[in-house]
Amino acid sequence: MIVAQSADEVRAAVDGAVAFVPTMGALHAGHASLIRLAAGYGGPVVVSDFVNPRQFGPREDLERYPRDLEADAAIAAAAGADVLYAPDVAEVYPEGFATTVDPGPLAADLCGRSRPGHFAGVATVVVRLYGLVRPTRAVFGRKDYQQLVLMQRVARDLALGVEVIPAATVREADGLALSSRNRYLDRPERERAARVPGALRAAAEAFADGERDAAALLAAPDLDGLDLEYLELRADDLGPHDPERRAVLLIACRLGATRLIDNVLLDPDHPDRAALELAAKEPA
Ligand code: PAF
């Protein structure tokens, strides 16, 4: 694997149908699974490693966001990446850069309510990175579900010729979804963080037992100790919930200074799947 700082180096190193995994670095086993999924398509895999200033709000964690290129390179190489693309800010946003990609009203909903401008920042950098890397596929984790749906929409609406591939969430033994921000949690916060997948699990178990009423599913979790931002049940395209269709239950909350998000798909054709996904496992 090579580490490249310019798009010219990236394009000189890869040929054919590129599968792209955009990241902000601080790679963990969740990113490794995205990279393995990308590698499974058989073509070259490019992973970007760029902490995008445009998606952070003024009081967010841009400055303290973890950065460790050497550790990222080891994880990306082991998972099957061909190129780790780590551009600087001037390469991604050169002098005079003035375009913003506005992904529409869904960007102001759910996480967008507390993070105004966040998804425009994400969409802008992702479209810019597509232009630099020229992939035919891009892999996004289901953990950031609203981001995934928005990036599918942007690719479709702008006819970018990039197929957006969703990847399953990787979880700790107690169900906590892997996230680069989990490393901010102190010990008591980490223990309390298990209540986030626990809340989803309670609703998933009610769903597996046949509950289909939205109010009852939303009442199933015990949210004690969670500084809840939202718990919402939506159709899987994030439109209004319809009990006949595949739904997604989404949660966002804060533990101290750390904001955590998670979600689970509730599929009437596979009613047990969500509870199984969230079942606590023996630690490895
Ligand atoms: O999910 C992320 O890590 C970021 O939002 C992304 C897609 C790499 C854009 O900066």
Side-chain angles (χ1 to χ4, degrees), residues 4 7 10 18-35 37-38 45-57 60-69 71-72 75-76 79 81 83-89 91-93 97 99-103 106-107 110-112 114-133 135 137-155 158 160 162-170 177-184 250 252 258-263:
V10 175
V18 170
F20 179 45
V21 183
T23 84
M24 296 206 300
L27 301 187
H28 50 63
H31 295 109
S33 83
L34 307 189
I35 297 167
L37 180 61
V45 176
V46 176
V47 178
S48 64
D49 189 322
F50 177 67
V51 181
N52 173 34
R54 289 183 183 233
Q55 68 188 77
F56 288 79
E60 293 186 350
D61 55 344
L62 173 62
E63 295 311 325
R64 73 168 178 147
Y65 200 83
R67 292 160 169 89
D68 186 344
L69 188 59
D72 290 346
I75 292 172
V83 179
L84 183 67
Y85 174 40
D88 61 15
V89 175
E91 157 119 342
V92 178
Y93 300 119
F97 185 94
T99 299
T100 300
V101 179
D102 175 355
L106 179 57
L110 297 165
C111 291
S114 67
R115 306 190 74 191
H118 168 69
F119 289 113
V122 171
T124 302
V125 79
V126 167
V127 172
R128 169 86 181 142
L129 290 168
Y130 288 168
L132 293 165
V133 173
R137 296 188 175 90
V139 180
F140 286 84
R142 277 213 169 91
K143 194 227 137 245
D144 297 308
Y145 194 83
Q146 187 176 7
Q147 170 172 282
L148 165 68
V149 170
L150 282 167
M151 291 311 103
Q152 285 173 324
R153 181 165 300 174
V154 165
L158 301 182
L160 296 176
V162 178
E163 184 191 359
V164 173
I165 316 277
T169 301
V170 179
L178 296 195
S179 161
S180 303
R181 288 186 167 104
N182 291 354
R183 60 187 83 184
Y184 297 154
L250 306 110
T258 309
R259 186 171 179 278
L260 297 180
I261 58 171
D262 200 352
N263 67 83

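Owing to the predicted nature of the structure, the values given are computational and were not obtained by experimental measurement. All values below were derived from every heavy atom in this structure, side-chain atoms included, with hydrogens, water molecules and symmetry-related copies excluded. One-based numbering, in listed order, for ligands and for the atoms of each.
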Report task. Compute the shortest N/O to N/O distance between Asn52 and ligand 1 and return yes if it is under 3.5 Å, no if not. Result -> no
**Report entry** Test item: Leu132 and Tyr85 side chains (from C-beta on) under 4.5 Å apart, heavy atoms
**Finding:** yes
Query raised in the report: Do Leu150 and Val122 touch side chain to side chain, with heavy atoms closer than 4.5 Å?
Result: no
Query raised in the report: Which pairs count as salt bridge (Lys or Arg N to Asp or Glu O under 4.0 Å) when at least one residue sits in residues 115-131, sequence neighbours excluded?
Result: Glu60-Arg115
Atom indices of ligand 1, in the order listed, that fall short of 4.0 Å to a heavy atom of [X]:
| X | result |
| --- | --- |
| Thr23 | 8 (C) |
| Val125 | 9 (C), 10 (O) |
| Gln147 | 1 (O), 2 (C), 4 (C), 5 (O), 7 (C) |

Report summary line: Thr124 and Thr99 have their tightest heavy-atom pair at CG2-O, 3.5 Å
Report task. With heavy atoms under 4.0 Å as the rule, classify the contact between Gln55 and ligand 1 as side chain, backbone, both or neither. Result -> side chain
Query raised in the report: Going through the distances and angles, do Asn52 and Tyr93 end up as a side chain to side chain donor-acceptor pair (under 3.5 Å)?
Result: CA-CA 10 Å; Asn52 173 34; Tyr93 300 119; 2.5 Å; yes
